[in-house]
Amino acid sequence: MTFTPKRLTLALVGAGCIALAGCGGSDSLTTTGSTSTGGTTASGGSSTPTGGSPTTIPTTPSSVVLSGTAATGAALADASLKIFDATGAVVCEVKTDSDGAYSCDLGTSPKPPFVLVATLNDTRLVSVAPDASTGTVNITPLTNLIASTLSSNGDPQKLVDDIKSTPASVDAAKVKASVDRVMTALKPLLDALGTQGNPITTAFKADGTGQDRLLDLVQVSVRPDGSGANNEVTVKAAPSASDSDPIRISFKSSDTSIAPLPTGSVSAESLGNDNLAVLVSDMLKRMTACYAVPLADRVTNGSSNGSAPKSPACTSLFLNNDPASFLSNGATVSPTSAFSGMFKSGSAGVVFDRGAFEFKRVNGDFVFSYRWTAADGSTDNENMVARKVGDSLKLIGNQYKYNATVRPYAQMRDLVNTPAFSSINTGYNIWIANRTAGGNPVFSKVLVTTPRGNVVTYRPTSGLSYLVIEKQPAQGATPAVLASTSVLRLAGRYIDPTTPGLPKDKETAIVFSDPATATDDIIRTIPDQSVWKLEFFHADGVTPNEVQIYRTNSRALTLAEVAASTFVDLTAPARAAVIEGSSALGAFPFDAPDAASPNWIDIGTSGTAFWRVPSGALAPTSISAFGKPPTGSGPRFSDTVNVSTNARGALIKCSRQSISDTHCDTTVGVGQMGQYAAGWKVDALELWARNSRQVEISKLVGFYKLQ
């Protein structure tokens with residue numbers, strides 16, 4: 001990996017294949033034991049051979065067979081399922097079928113208790129079976145919640161170690177007590193649904209009825225933090241108002257009692273009678289069918305401007321069978337906006353799956369989450385708004401004019417040149433696109449009202465594609481100044497416990513809320529479905545203000561939960577190269593633009609990995625470069641490129657954000673190549689991903705130095 005002043009080139013040469021997913025090997029599983037659908041029962045008794053006396057035939061012990069369903073509401077199809085016995089040994093390893101069903105023959109002398117772990121990408125669910133008895137054992141978010149209350153440190157994944165050392169930690173009495181505690185707390189919901197039964201042992205199908213409907217109507221969060229787990233169950237009932245608080249319970253995994261849902265808080269009317277699993281599954285199948293249509297039949301003119309969907313398989317996805325009815329955060333259906341992949345030949349074979357109903361909007365529209373996977377294996381998680389028409393859903397979007405999102409945000413800041421100041425932080429990314437007209441910002445400001453009623457001002461700045469936080473001055477200080485971030489952080493701390501102070505005192509470019517030292521106990525009180533209001537003020541002073549309201553899928557993580565998380569990391573050669581190239585200046589500066597050696601940011605595109613994805617980490621789906629002007633403390637820049645989850649390198653080119661933005665070269669010919677202007681410096685990279693709960697996971701690699 002080398003750096004030249006003409007071009008920021010961080011290419012690894014001759015390093016060979018780093019030990020990563022994608023370097024080779026096999027994901028296939030070896031089945032231990034039988035996968036039959038039931039136990040074998042030998043008939044005891046006697047027979048009388050011809051010419052002899054009666055002979056006793058010994059009874060053959062019956063095999064213990066565990067079977068059930070792995071589901072989150074939607075079936076957990078093709079998940080890897082392992083069953084561990086009391087010794088920690090894997091006694092069965094199978095794949096769930098398309099309905100999330102499984103069956104495992106544990107033989108005639110298994111060693112209870114058993115821990116069942118179902119894994120599918122970033123979803124890992126746990127269940128337990130205390131006895132060596134044939135029967136049903138389901139694996140769902142509710143069984144995972146119960147497993148958390150049984151675990152010694154609240155992490156369901158640690159139960160395997162627990163039963164090895166203390167088998168009695170998962171005995172029948174403890175499991176029953178935990179099930180009773182959780183189900184008693186949810187009794188108002190169960191009564192409204194008319195649903196009974198043990199979530200572990202009651203057989204069900206992932207078809208949106210019975211126990212599966214219960215799973216569709218709850219959001220279960222289990223967040224280990226190293227010393228326990230912070231657990232929450234949110235009921236997905238229709239809100240009474242767009243800003244109404246969700247109905248929920250929250251508790252620590254170690255709590256001996258759980259405060260129940262208030263009596264009368266849930267009604268059958270607020271839950272509705274829709275089969276949510278069927279509605280969402282059908283929607284995703286139809287989306288997949290649209291993308292399977294050949295491009296010439298799918299849209300009118302490929303990726304050209306003005307092209308529109310024409311196949312009935314695609315037009316029928318939208319309200320009134322009209323793609324023009326769709327509007328989401330300012331995006332309409334077009335080759336350069338919403339559903340842009342629909343207009344590309346390379347999008348054939350995109351699959352939409354892992355659908356889950358999230359909540360209803362106050363107007364009755366459905367919000368659901370899903371995953372898309374391209375033919376090259378790249379994938380991401382999204383939210384979508386649809387309206388029920390007849391017996392199916394139709395895509396409509398949130399009908400908001402302006403591009404904005406509000407998502408929880410967890411970050412590790414890896415300062416390669418001053419590692420003592422590497423830190424973690426948590427908060428919310430209120431991302432508001434810096435919309436321009438004629439090269440000038442459309443918005444003068446956006447006021448963001450938090451769930452606690454605090455108001456934060458966001459403003460545009462040249463060079464950045466998003467609005468940034470206006471930092472409030474201390475009492476008696478000069479007027480407010482603009483930060484360079486859209487992330488409102490709640491709390492942060494250094495990774496090295498011996499480093500004194502807090503990141504907020506050193507990293508003045510980032511913004512922490514007031515109070516800046518929000519404790520984990522305070523963060524835990526924020527609901528998963530918290531409500532944020534954004535009010536847009538226009539620079540022309542004439543256009544009326546616009547209000548957009550957002551409800552999150554998850555709350556921000558506590559700092560302990562962030563510390564317990566796993567992040568993407570640089571490969572060892574990449575880390576060595578960026579330290580060597582940036583240690584002198586704390587940045588990579590650009591020289592004069594050159595067509596032969598363009599001023600681009602090239603990290604690892606030579607075919608050798610720049611980053612690695614440890615087990616439990618999310619692969620990044622976008623890479624951003626941040627930097628500053630040649631001299632002084634002028635406006636910063638950011639440029640972002642999307643990457644496949646299979647990628648381990650990226651090429652980032654310069655992109656102007658406004659007419660006053662000077663970080664890109666404007667020389668005719670050379671400037672059209674997306675080159676960076678001479679003297680500008682790159683001082684940080686961000687590797688970014690979003691999990692299935694819409695939590696943004698950021699690994700910032702900072703070249704700058706703190707003293």
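All figures in this text were calculated on a predicted structure; none of them were measured in a lab.
When atom types are taken as modelled, the side chain of Lys699 and the backbone of Val568 share a donor-acceptor pair closer than 3.5 angstrom. Side-chain atoms of Asn138 come within 3.5 Å of backbone N or O of Pro199 as a donor-acceptor pair. Judged by distance alone, the side chain of Ser169 and the main-chain N or O of Thr166 form a donor-acceptor pair under 3.5 Å. Without hydrogens or angle criteria, Thr202 side chain to Asn198 main chain gives a donor-acceptor distance under 3.5 Å. The closest donor-acceptor contact from the side chain of Asn381 to the backbone of Arg371 lies at 3.5 Å or more, if one exists at all. Here the side chain of Asn144 pairs a donor or acceptor atom with the backbone of Val126 at under 3.5 angstrom. Put simply, the side chain of Thr288 gets close to the backbone of Phe352: a donor and an acceptor are under 3.5 Å apart.
The aromatic rings of Phe421 and Tyr494 sit perpendicular, their planes meeting at an angle over 60°, well past the 30° parallel limit.
Glu232 CD to Asp528 CG: the interatomic distance, rounded to the nearest 0.5 Å, is 4.0 Å. A distance of 3.5 Å separates OG of Ser698 from CD of Gln411, quoted to the nearest 0.5 Å. For the atom pair CG of Leu120 and OG1 of Thr96, the computed distance is 7.0 Å after rounding to the nearest 0.5 Å. For the atom pair CH2 of Trp688 and CD of Glu696, the computed distance is 5.0 Å after rounding to the nearest 0.5 Å.
Heavy atoms of other residues, nucleotides or ligands lying less than 6.0 angstrom from NZ of Lys205 number 12 at most. The environment of NZ in Lys360 is crowded: more than 12 heavy-atom neighbours from other residues, nucleotides or ligands sit within 6.0 Å.
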